[in-house]
**Student:** 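Please read through the structure below; I'll follow up with questions.
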Amino acid sequence: MCGKGDRPEQFRVRLAGVAVDGENCVLAVGDREVKRFTREGRLDTTFAMPDAGSTIAADGESFWVGMQGRISHFDRQGKLLNTIDDPSRLGLLSGLVAKGGTLIAADATHRTIHLYQDGIWQREI
């Protein structure tokens, strides 16, 4: 599963993060895509991303991808549901946790942790 190379299950440049969805499938973000792997480690689906993702979190039937200055929310089929564009506050995200309407984003650029509730910034933690 994964690795650097040209096979469909691999990333060509970089693997940035992993998460486990509600069906115990592994989601991996790297380059400009998200790959979902079955529990057995076989590539199931690949989703193109609008930009390079730096971190990923899963929340039941959906997943979130942190990118420079924004966090995008996708359904299980990879359809964009919502985007939090916050470039003045968010830099390069190094970690992301999603639970219900709560998002916690670790920001490596600004060395802080941001709390979002229902897509709205609440405070630094």
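Any value given below was found using the heavy atoms of this structure, including those in side chains, with hydrogens, waters and symmetry copies removed. One-based numbering along the sequence shown.
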**Student:** Answer yes or no: is there a side-chain heavy-atom contact under 4.5 Å between Q10 and L15?
**Tutor:**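 Q10 vs L15: side chains apart.
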**Student:** Check the pair Q122 / I120 against side chain to side chain contact (heavy atoms under 4.5 Å, CB included), numbers first and verdict last.
**Tutor:** CA-CA 6 Å; Q122 300 297 306; I120 300 168; 3.8 Å; yes
**Student:** Which atom pairs, one a donor and one an acceptor, fall under 3.5 Å between side chains of residues 56-67 and the rest of the protein, sequence neighbours left out?
**Tutor:**
unit_1: D59; atom_1: OD2; unit_2: G100; atom_2: N; d: 2.9
unit_1: S62; atom_1: OG; unit_2: D59; atom_2: O; d: 3.4
unit_1: S62; atom_1: OG; unit_2: H73; atom_2: NE2; d: 2.8

**Student:** Would S94 and R111 count as a side chain to side chain contact (heavy atoms under 4.5 Å, CB included) if you check the C-alpha gap in whole Å, the side-chain angles of each, and the deciding distance to 0.1 Å?
**Tutor:** CA-CA 10 Å; S94 59; R111 295 174 298 282; over 6 Å; no
**Student:** Counting only N and O atoms by type, is there a donor-acceptor contact under 3.5 Å from the side chain of D75 to the main-chain atoms of K79?
**Tutor:**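 Such a contact is found between D75 side chain and K79 backbone.
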**Student:** Tell me whether the rings of H114 and Y116 are parallel (<30°), tilted (30 to 60°) or perpendicular (>60°).
**Tutor:**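 Geometry flag for Y116 against H114: tilted rings.
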**Student:** Between D31 and R12, is there a salt bridge with N-O shorter than 4.0 Å?
**Tutor:**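 Between D31 and R12 there is no salt bridge, as every charged N stays at least 4.0 Å from the carboxylate O atoms.
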**Student:** For a quick test of reading the model, state the closest non-hydrogen atom pair linking F37 to A28 and the distance between them.
**Tutor:**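 Shortest heavy-atom separation between F37 and A28 comes out as CE1-CB, 4.1 Å.
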**Student:** Does a side chain donor of either T112 or E124 reach within less than 3.5 Å of an acceptor in the other side chain?
**Tutor:**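 There is such a pair between these side chains.
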**Student:** Do side-chain atoms of T109 reach the backbone of L92 as a donor and acceptor pair under 3.5 angstrom?
**Tutor:**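 Side chain of T109 to backbone of L92: a pair is present.
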**Student:** Give, for atom OG of S72 and atom CG of D85, the distance between the pair rounded to the nearest 0.5 Å.
**Tutor:**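 The CG atom of D85 is 7.0 Å from OG of S72, to the nearest 0.5 Å.
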**Student:** Once rounded to the nearest 0.5 Å, what's the spacing between atom CZ of R36 and atom CG of L27?
**Tutor:**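 R36 atom CZ to L27 atom CG measures 6.5 Å (nearest 0.5 Å).
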**Student:** If hydrophobic clusters are built from ILVMFWY residues whose side chains come within less than 4.5 Å, do L43 and V26 share one?
**Tutor:**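 The answer is yes; both residues are in one hydrophobic cluster.
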**Student:** Would you give the length of the straight line joining atom CD1 of I125 to atom CG of L115, rounded to the nearest 0.5 angstrom?
**Tutor:**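 Answer rounded to 0.5 Å: 5.0 Å.
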**Student:** Rounded to the nearest 0.5 Å, what separation is found between the OG1 atom of T45 and the NZ atom of K35?
**Tutor:**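 One gets 11.0 Å once the value is rounded to the nearest 0.5 Å.
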**Student:** Any link between F74 and V29 through a network of hydrophobic side chains (Ile, Leu, Val, Met, Phe, Trp, Tyr) touching at under 4.5 Å?
**Tutor:**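 Shared cluster, yes.
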**Student:** When hydrophobic residues are tied together by side-chain contacts of less than 4.5 Å, even through go-betweens, does V34 share a cluster with L80?
**Tutor:**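 Yes, one cluster joins them.
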**Student:** Considering all heavy atoms of both residues, which atom of A52 and which atom of R32 are nearest to each other, and what is their separation?
**Tutor:**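 For A52 versus R32, the nearest heavy atoms are N-CG, 3.8 Å.
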**Student:** Might you point out which heavy atoms bring T55 and L96 nearest each other, and give the distance in Å?
**Tutor:**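 Of all heavy-atom pairs spanning T55 and L96, the closest is OG1-N, 3.5 Å.
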**Student:** Is there a side chain to side chain contact (heavy atoms under 4.5 Å, CB included) between R89 and W121 once you walk through the steps?
**Tutor:** CA-CA 9 Å; R89 190 172 284 122; W121 185 84; 2.9 Å; yes
**Student:** Please report the interatomic distance CG(L90) to CD1(I71), rounded to the nearest 0.5 Å.
**Tutor:**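 One gets 5.0 Å once the value is rounded to the nearest 0.5 Å.
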**Student:** Would you say R76 and C25 make side-chain contact, with heavy atoms under 4.5 Å?
**Tutor:**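 R76 vs C25: side chains touch.
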**Student:** So, E23 and R39, do they make that salt bridge, N to O below 4.0 Å?
**Tutor:**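 Here E23 does not pair with R39 in a salt bridge, since their nearest N and O are not under 4.0 Å apart.
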**Student:** How long is the gap from CG on L93 to NE2 on H110, to the nearest 0.5 Å?
**Tutor:**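 So the CG of L93 and the NE2 of H110 are separated by 10.0 Å.
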